[in-house]
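Following: one structure in structure tokens, then a few remarks.
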Amino acid sequence: MLPVAGSDERLLADAVAAYARDLAPRIPAAEEAGAIPREVIADLGRLGVLGMTIPEPDGGLGASSVAFALVLEEIAAVWPSLAVGVSVNSGIAEGTIVRLGTPEQKKRWLPRLIDGSGLASFALTEPGSGSDAAALRTTARRDGPTWVLNGRKMFVTNLRYAPVAIVLARVGEMDAHRPHAGITAFLVPTDAPGVVIGRAESKMGLLASDTSPLTLEDARVGADAVLGPQGTAFGAVAMAGLDGGRIGIAAQAVGIARGAIDRAAAYARERRQFGRPIGDFQLVRNALARAQTDISAARLLTLRAAWLKDRGRPFTTEASKAKLFASEMAQRATHVAVQTLGGYGYMREAAVERMARDARATTIYEGTSEIQRLVIARGMLSL
Ligand SMILES: Cc1cc2nc3c(=O)[nH]c(=O)nc-3n(C[C@H](O)[C@H](O)[C@H](O)COP(=O)(O)OP(=O)(O)OC[C@H]3O[C@@H](n4cnc5c(N)ncnc54)[C@H](O)[C@@H]3O)c2cc1C
């Protein structure tokens, strides 16, 4: 038993692990088709996974962030594309609505994000602003009882499945000295007039996860679409949402690495060369042992950040450390897994090939490794 995880949390993760294992035969076709089957999203709704961190009075299970990290690890160990969709829906989007939403906003959107009818999106990145998110150019202006949004968002996860996207836009002119000022979050229904979902990106990995551009062409939403206090969304929504989201991506990276290394260890037991299982060779053992130790360290960092979040303690730096270490560890671990399977590891039919491609995104989204280092150093230096 992990020190920060109670038996209820482990039980929930075990139930999800059993479900995820049964999904395995369906994954190659879904990755080929570039879509998560709707019924899988519906199943996650029925299992309670999509609302697990939402408080019980708001219709969820009220589970901890630790439990959520364990569940994401289990999903990612089998299907990383599904894990990132769940992480964005339940970690960033629902988490922000629970934290900042009005009772009406919660009543309108949370049931649709819990029940498995869709997965929510979080639209921050733009063609000209990624790491420098405060430089975003999407605008929002008030027009009588409505808000009118214009701009272009890039790389939006889940957009095709989303009933709603949290969109970050600027109200008023940009102040070069305070670029984050005026940034406001909107709950934008994806069927609102002026909302255009572009062609899904063709990616290196995470092929079943939807990543699409969102164009807002005089998109109109009601006055009640503003999420949280106007003008404060850079800190209150973007940065705070990403703090929590980074724990989810760290858990995803731990799951990918574990899934790949478990397969490599199984192969090393069976595959024989020079008359012995390759797992008998010290070079193979060394690589597997290092990867396994790395995975345990990354899991502990991840669960520690989740544990701090559950206790209402500051966790920004710890989430960045977990995300940085786990995502870079997943590169090394998936490399070892492909190497251990030799030529078979390079072939499409080997799950480790897919996992190596999927792992690559984890050092990029929700803040690159470079940005995590900046966050960690800022915490150390207070500069
Ligand atoms: C699969 C996928 C899904 C995504 N999903 C979403 C989503 O749902 N919503 C969303 O809003 N975004 C999403 N993104 C976008 C993602 O968050 C950005 O790609 C990421 O933040 C990096 O931004 P960028 O791509 O513009 O790179 P840039 O910011 O242009 O960075 C390019 C390089 O420069 C480095 N760099 C930049 N600034 C600094 C600095 N100050 N110091 C040192 N190095 C620096 C970066 O680390 C990187 O190596 C997704 C991306 C991917 C790949």
Side-chain angles (χ1 to χ4, degrees), residues 31 34-36 76 79-96 113 118-138 151-162 164-170 179 183 185-186 188 190 197-198 200-216 233-234 237-246 248-250 252-253 256 320 323-324 327-328 330-331 354-355 357-378 381 383:
E31 289 280 310
I36 297 166
W79 198 2
S81 290
L82 183 60
V84 67
V86 173
S87 181
V88 170
N89 176 74
S90 310
I92 304 192
E94 285 175 355
T96 306
L113 308 183
L119 295 171
S121 286
F122 185 80
L124 175 65
T125 304
E126 298 186 358
S129 60
S131 302
D132 185 9
L136 64 84
R137 301 184 98 79
T138 295
R152 187 137 188 263
K153 296 289 180 181
M154 293 297 291
F155 306 149
V156 185
T157 299
N158 291 339
L159 197 52
R160 272 188 165 61
Y161 316 110
V164 66
I166 297 177
V167 174
L168 283 285
R170 187 178 301 284
I183 294 178
F186 294 85
V188 176
T190 48
I197 298 174
E201 301 290 347
S202 172
K203 304 193 292 294
M204 173 183 186
L206 299 171
L207 301 182
S209 168
D210 179 47
T211 313
S212 296
L214 167 69
T215 306
L216 302 155
F234 185 71
V237 175
M239 294 302 111
L242 288 175
D243 280 350
R246 284 167 186 165
I249 300 307
Q252 184 202 19
I256 297 173
S320 281
K323 202 265 185 186
L324 172 64
S327 62
E328 302 218 328
Q331 314 307 311
R354 168 170 58 82
M355 293 187 138
R357 286 184 288 105
D358 293 349
R360 193 64 191 84
T362 63
T363 66
I364 297 170
Y365 51 36
E366 303 205 17
T368 63
S369 289
E370 291 76 14
I371 295 304
Q372 305 311 324
R373 290 189 176 93
L374 294 185
V375 172
I376 296 162
R378 200 183 303 138
L381 303 170
L383 284 173

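The basis for the numbers below is simple: all heavy atoms, side chains too, and nothing from hydrogens, waters or symmetry mates. Counting convention: from 1, in listed order, for ligands and their atoms alike.
Looking only at heavy atoms of the protein, atom 39 (C) of ligand 1 is closest to I371 CD1, 4.1 Å. With hydrogens left out, the protein atom closest to atom 24 (P) of ligand 1 is G130 CA, 3.9 Å, a heavy atom. Protein heavy atom in closest approach to atom 2 (C) of ligand 1: Y365 CD2, 3.4 Å. The nearest protein atom to atom 25 (O) of ligand 1, hydrogens excluded, is given as F155 CE1, 4.2 Å; this is a heavy-atom distance.
Contact annotation for atom 9 (N) of ligand 1: protein present (non-hydrogen atoms, distance under 4.0 Å). Note that atom 15 (C) of ligand 1 has protein non-hydrogen atoms nearby, at separations under 4.0 angstrom. The presence of a protein heavy atom under 4.0 Å from atom 50 (C) of ligand 1 is confirmed. Remark: atom 30 (O) of ligand 1 lies closer than 4.0 Å to no protein heavy atom. Distance check for atom 20 (C) of ligand 1: a protein heavy atom is found below 4.0 Å.
Under the 3.5 Å distance criterion, with hydrogens and angles disregarded, no donor-acceptor pair is assigned to the side chains of R137 and S129. In this structure, a donor-acceptor pair under 3.5 Å is present between the side chains of S369 and E328.
A side-chain donor-acceptor contact under 3.5 Å links N158 to the backbone of G85. A distance-only check finds no donor-acceptor pair linking the side chain of D358 to the backbone of P80 [under 3.5 Å]. A donor-acceptor contact shorter than 3.5 Å is absent between the side chain of K323 and the backbone of A250. Under a 3.5 Å cut-off, the side chain of R357 and the backbone N or O of M204 do form a donor-acceptor pair.
Using a 4.0 Å heavy-atom cutoff, V88 is absent from the residues neighbouring ligand 1. Using a 4.0 angstrom heavy-atom cutoff, N158 does not count as in contact with ligand 1.
Shown here are the side chain to side chain contact (heavy atoms under 4.5 Å, CB included) partners of F155, two or more places apart in sequence or in another chain: T125, E201, T211.
The shortest N or O to N or O distance between T157 and ligand 1 is under 3.5 Å. At a 3.5 angstrom cut-off on N or O pairs, L124 counts as close to ligand 1. Looking at T125 next to ligand 1, an N or O pair under 3.5 Å apart turns up. At least one N or O atom of E370 sits closer than 3.5 Å to an N or O atom of ligand 1. Residue L206 has no nitrogen or oxygen atom sitting less than 3.5 Å from a nitrogen or oxygen atom of ligand 1, judged on distance alone.
S87 and G248 get closest at one heavy-atom pair: OG-CA, 3.6 Å.
Look at R170 and E126 and you find no salt bridge, because none of the NZ, NE, NH1 or NH2 atoms lies under 4.0 Å from a carboxylate O.
Here atom 37 (C) of ligand 1 lies nearest to S131 when heavy atoms of S131, S87, A162, A133 are compared.
Atoms of ligand 1 lying under 4.0 Å from any heavy atom of E366, numbered from 1 in the order shown and given with element: 17 (O). In summary, the atoms of ligand 1 found under 4.0 Å from a heavy atom of T368, numbered by their order in the structure, are 22 (C), 46 (C), 47 (O).
Counting heavy atoms from C-beta outward, K153 and F122 have side chains that stay 4.5 Å or more apart. The side-chain heavy atoms of T363 and Q372, taken from C-beta on, include no pair separated by under 4.5 Å.
Here T138 contributes atom OG1 and L216 contributes atom CG; the two are 6.0 Å apart, rounded to the nearest 0.5 Å.
Of the heavy atoms in L374, only side-chain atoms (C-beta onward) come closer than 4.0 Å to ligand 1.
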